[in-house]
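Have a look at the structure below before the remarks.
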Amino acid sequence: MEMHPGSLFINPHELYYLRMQRSRDRMERKNMDEQNQCQRKLRVCVATCNRADYSKLAPIMCGIKSHPDEFELEVVVLGSHLIDDYGNTFRMIEQDDFDISSKLHTIVRGEDEAAMVESVGLALVKLPDVLQRLRPDILVVHGDRFDALALATAAALMNIRILHLEGGEVSGTIDDSIRHAISKLAHYHACCTRTAEQHLIAMCEDHSRILLAGCPSYDKLLSTSRREDYMDVIKSWLGDNVQDHDYIVALQHPVTTDIQHSIKIYGLMLDALISFNKKTLILFPNIDAGSKEMVRVMRKKGIEQHPNFRAVKHIPFEQFIQLVCHAGCMIGNSSCGVREAGAFGTPVINLGSRQTGRETGENVLHVRDADSQNKIYHALELQFGKRYPCSKIYGDGNAVPRILKFLRTIDLDEPLQKTFCFPPVKESISQDIDHILETQTALAVDLGGTNLRVAIVCQRGRILKKYVQPNPKTFQARMKLLLKLCADATRDAVGLNCRLLGVGVSTGGRVNPQEGVVLHSTKLIQEWSSVDLRTPISDALHLPVWVDNDGNCAALAEKKFGQGKGVENFVTVITGTGIGGGIIHQNELVHGSTFCAAELGHIVVSLDGPECSCGSRGCVEAFASGMALQREAKRLHDEEQLKVEGMDMKLAEPITAAHLISAAKLGNSRAEAVLNKASTALGMGIVNILHMMNPSMVILSGILASYYQAPVQNIILEKALVSAQNIKVVESHLEEPALLGAASMVLDYATRRIY
């Protein structure tokens, strides 16, 4: 074939292989692009507007920065951070070694409603350029400030995913509307409490995009609050003459929906503090409308020159939590009072309507209608110098790891458009998604005469993990072992995906549950009188602690998990080594004026009966307890009248109540007589209870319950008044009443206090 000059001939086979090579090259490039996409870091932009939200965002920023192979951190600073009157707090961000990607001056001065609106508008004008330049994959926004609303609005309109921190909470002011508006704009949520999570679900947010993380500030707060140099911090702010727990921290912000009233409350608070005559560290209010007038009130009263006051614009968070931790009281309406202060048990007086909607620990005293100086002064008298159980309603110190884990699961290929889960709202929260949901649990402790037991118990009464050790004989060894087992359980709870709500302690003896103190012990537990259990456990675990005796705990266990569920009036009788119990009357546990109600084992049924461990004679316990039956079994054995044909008794085996019961079942008349007397004594004691309390049910618990149930029912039919003869005696089905009762104190406790 003749070819023209310049023409090109390609063999068909060569053309085929050339096309195949090009196809392979395209596939390789596509695979490399996909691999690069998979390995690409998640670009996270954290925007902070003021000193308060930085305390929550800084731990997250540190966590992101510590994983440079996974995340790329961009920091945007705006709002009051850049204002001299509020401390130029952007400098502390730089001191924390964060590179600030952009500083935006967004505050229009004026400190009134119009200035707040203009500030939002100015932020919306400036933010698009910054977000377009940074191009973040996700924007982290905190809380309920008007600056944050501008951030969320800009990001949502620019198709940037938003993670909102601390949504779903209720504080009782205009902040609620802003917070909920941001939640509706956000794609993902990291909330602090179970209630907040339920609020977000009720707002139709997708449950799979809600993380119950806890408050990030608790991660730093719980790890640094007990520093040894705390007195140096206190003295640096309040002077050398101040003492631990002998000063006040005051922080009051304006309520923008009622500015004049909040200014009035501020003046009354200052008057009360002046009259109370204690060293006071007072922080300037935030930049909300009304703050300028509040500062005028403070200066008019000469607070900045007053010898008892130190007025400051800003305190570094690490030092601020030291000051709150060791304060005699905190007063005002800052969220710190209802959130962070609870972790230390610091007494708090919350003034006015701000924060009244939030969940609080028992350390918070609300003065909603703070209309007089005397009322605030009286609140100071009630609260100053007290210490309350530590509360971890808002966090357990593990929020940042949860949030980082949550960020890793975000799929950027998912559709950006939000979907809403409209009613009916999901009621079940027991999904198996470890980074979204955790099981609410209690740490239960049972201090028995033989063993010391600790367990993690869920809300349905299931024991997830149990620790058992012999109960030491000395106080020091016992407390050391108790705290060790509790610390072990706390660590294991994280691995079990459990959130510990508090610690419940069941112990023998007479207990003051209000103070968490064992008043008088039984002879079975030595060195166990006048023992404060609440304080050392709460201090070690940073959890609230409840304490009661084992009989009362058994009654609480039956009320929540056992035969007493739904029963308004019943009595629980423990038939074990001793005889004890608890009384539930009108759905409440009866303690008595000196905490010795329901000492059922010490009801006297015979004036000349055997001596009891309490020192009296003829008590029910002296006849019917396991110790009493063991004593009688040994007596019969020593008289060689215990063993009968068919009994399996080894020569060196210790004699117990079980041998007495076995002998009676095999026809030993002497053993039968002992057990009949014991059953009669227990039955008569219970008849006395029926005639005094008139419960609708008697629940027998303990190792002897199955034996005593029928005889006691017969004694009631014979001896009780006609109107009480039909009251049923039932046997408990609970295997661990003491542990379950201790757990129920935690799981059922309501912490809200209102003044």
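All values below were derived from every heavy atom in this structure, side-chain atoms included, with hydrogens, water molecules and symmetry-related copies excluded. Keep in mind the model is a prediction, meaning the values are calculated, not measured.
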- Output yes when a side-chain donor or acceptor of S744 lies under 3.5 Å from a complementary backbone atom of G741, and no otherwise. yes

- Message: Just so I know, are the side chains of V518 and L533 near enough to count as touching, which here means a heavy-atom distance under 4.5 Å?
- Response: yes

- For residues H691 and L721, determine if any side-chain heavy atom of one lies less than 4.5 Å from a side-chain heavy atom of the other. yes

- Should Q630 and T656 be marked as a side-chain hydrogen bond (donor to acceptor under 3.5 Å, both in side chains) after you check the CA-CA gap, both sets of side-chain angles, and the distance that decides it? CA-CA 5 Å; Q630 183 183 39; T656 66; over 6 Å; no

- Query: Would you say V746 and L443 make side-chain contact, with heavy atoms under 4.5 Å?
  - Reply: no

- Message: Assess the residue pair Y467 and D492 against the criterion (side-chain hydrogen bond (donor to acceptor under 3.5 Å, both in side chains)); give the C-alpha distance rounded to whole Å, side-chain angles, the decisive distance to 0.1 Å, and a yes or no.
- Response: CA-CA 11 Å; Y467 311 77; D492 292 344; 2.6 Å; yes

- Okay, side chain of Q383, backbone of N363: is any donor-acceptor separation there less than 3.5 Å? yes

- Item | T441 side chain to R499 backbone, donor-acceptor under 3.5 Å | yes

- Give a yes or no on whether the backbone of N569 and the side-chain of S696 come within a donor-acceptor separation of less than 3.5 Å. yes

- Message: For the CD1 atom of I393 and the OG1 atom of T195, what is their distance to the nearest 0.5 Å?
- Response: 9.0 Å

- Item | Separation between CD of E515 and OG1 of T535, rounded to the nearest 0.5 Å | 9.0 Å

- Message: Could you check whether H542 and D396, counting side-chain N and O atoms only, form a donor-acceptor pair closer than 3.5 Å?
- Response: no

- Task: For A598 and N552, work out which heavy atoms get closest and say how close.
- Result: CB-OD1, 4.3 Å

- Enter the distance from L600:CG to C619:SG here, rounded to the nearest 0.5 Å. 11.5 Å

- State, with a plain yes or no, whether a side-chain heavy atom of D550 is found less than 4.5 Å away from one of T507. no

- Task: Drop me the distance from I463's CD1 to L740's CG, to the nearest 0.5 angstrom.
- Result: 5.0 Å

- Task: For residues V547 and V517, determine if any side-chain heavy atom of one lies less than 4.5 Å from a side-chain heavy atom of the other.
- Result: no

- Message: Taking D488 first and then K484, would you say they form a salt bridge - that is, a charged N and a carboxylate O separated by under 4.0 Å?
- Response: yes

- Query: Side-chain contact, heavy-atom cut-off 4.5 Å: L211 with E197?
  - Reply: no

- Under the side-chain contact (heavy atoms from CB on, under 4.5 Å) rule, what do V503 and L541 come out as? Steps first, then yes or no, please. CA-CA 9 Å; V503 183; L541 303 182; 3.8 Å; yes

- Query: To the nearest 0.5 Å, what is the distance between CE (M693) and CD1 (I583)?
  - Reply: 5.0 Å

- Passes salt bridge (charged side-chain N to carboxylate O under 4.0 Å, His left out), R510 versus E599? Steps please. CA-CA 9 Å; R510 188 159 66 93; E599 289 290 352; over 6 Å; no

- Considering all heavy atoms, the nearest R402-A213 contact: NH1-O, 2.8 Å

- Message: If you apply the rule side-chain hydrogen bond (donor to acceptor under 3.5 Å, both in side chains), what do you find for E621 with S613, and how did you get there?
- Response: CA-CA 8 Å; E621 187 172 290; S613 61; 3.0 Å; yes

- For C458 and L464 the tightest heavy-atom approach is CB-CD1, 4.3 Å

- Query: Counting N and O atoms only, with roles assigned by atom type, does the side chain of T575 sit under 3.5 Å from a partner on the main chain of A705, one being a donor and the other an acceptor?
  - Reply: yes

- Message: Would R617 and D608 count as a salt bridge (charged side-chain N to carboxylate O under 4.0 Å, His left out) here? Give the steps.
- Response: CA-CA 6 Å; R617 303 188 73 87; D608 57 352; over 6 Å; no

- Heavy atoms only: give me the nearest T572-S701 pair and the separation to one decimal. CG2-CB, 4.3 Å

- Item | Flag, side chain of R478 to backbone of L447, donor-acceptor distance under 3.5 Å | no

- Task: Spell out, as yes or no, whether a donor-acceptor pair under 3.5 Å connects the side chain of D219 to the backbone of A399.
- Result: yes

- Task: Please confirm whether the backbone N or O of L543 pairs with a side-chain atom of S538, one donor and one acceptor, at under 3.5 Å?
- Result: yes

- Message: I'd like to know whether L500 forms a side-chain contact (heavy atoms from CB on, under 4.5 Å) with I456, so could you lay out the CA-CA distance, the side-chain angles of the two residues, the decisive distance to 0.1 Å, and finally the verdict.
- Response: CA-CA 8 Å; L500 293 174; I456 302 171; 4.3 Å; yes

- Item | Test applied, side-chain contact (heavy atoms from CB on, under 4.5 Å); reference residue, R635; option that passes from V674, L642, I655 | V674

- Message: Does N726 have more than 12 heavy atoms from other residues, nucleotides or ligands lying within 6.0 Å of its CG?
- Response: no

- Task: Could you walk me through whether F570 and V698 pass side-chain contact (heavy atoms from CB on, under 4.5 Å), step by step?
- Result: CA-CA 6 Å; F570 69 89; V698 176; over 6 Å; no

- Query: Shortest non-hydrogen contact from A622 to E611?
  - Reply: CB-O, 3.9 Å

- Query: Regarding Q709 and E731, is there a side-chain donor-to-acceptor distance under 3.5 Å anywhere?
  - Reply: no

- Item | Polar side-chain atom of N451 near backbone of N471 as donor-acceptor pair, under 3.5 Å | no

- Query: What pairs with E718 under side-chain contact (heavy atoms from CB on, under 4.5 Å), at least two apart in sequence or on another chain?
  - Reply: I715

- Note on the structure: When rounded to the nearest 0.5 Å, the distance separating CG of L482 from CE of M479 is 5.0 Å

- Measure across S506 and C553 and return the closest heavy-atom pair with its distance rounded to 0.1 Å. CB-SG, 3.5 Å

- Query: Would K565 and E558 count as a salt bridge (charged side-chain N to carboxylate O under 4.0 Å, His left out) if you check the C-alpha gap in whole Å, the side-chain angles of each, and the deciding distance to 0.1 Å?
  - Reply: CA-CA 6 Å; K565 195 171 184 179; E558 296 295 339; over 6 Å; no

- Decide yes or no for P513 and D548: does some side-chain heavy atom of the first lie under 4.5 Å from some side-chain heavy atom of the second? yes

- Task: Mind running side-chain hydrogen bond (donor to acceptor under 3.5 Å, both in side chains) on E568 and Q586 for me, showing each step along the way?
- Result: CA-CA 5 Å; E568 188 175 0; Q586 295 181 350; 5.3 Å; no

- Would one find more than 12 heavy atoms of other residues, nucleotides or ligands at under 6.0 Å from atom CD of E735? no

- Query: Mind checking whether K560 and L747 have side chains closer than 4.5 Å, heavy atoms only?
  - Reply: yes

- Could you please spell out the steps behind the side-chain contact (heavy atoms from CB on, under 4.5 Å) verdict for V505 and W546? CA-CA 6 Å; V505 181; W546 293 267; over 6 Å; no

- Would you say the side chains of Q713 and Y708 form a donor-acceptor pair under 3.5 Å? no

- Query: Backbone N or O of S679 within a donor-acceptor pair of the Y707 side chain at under 3.5 Å?
  - Reply: no

- Message: Under a 4.0 Å threshold between the charged nitrogen and the carboxylate oxygen, would E527 count as salt-bridged to K473?
- Response: no

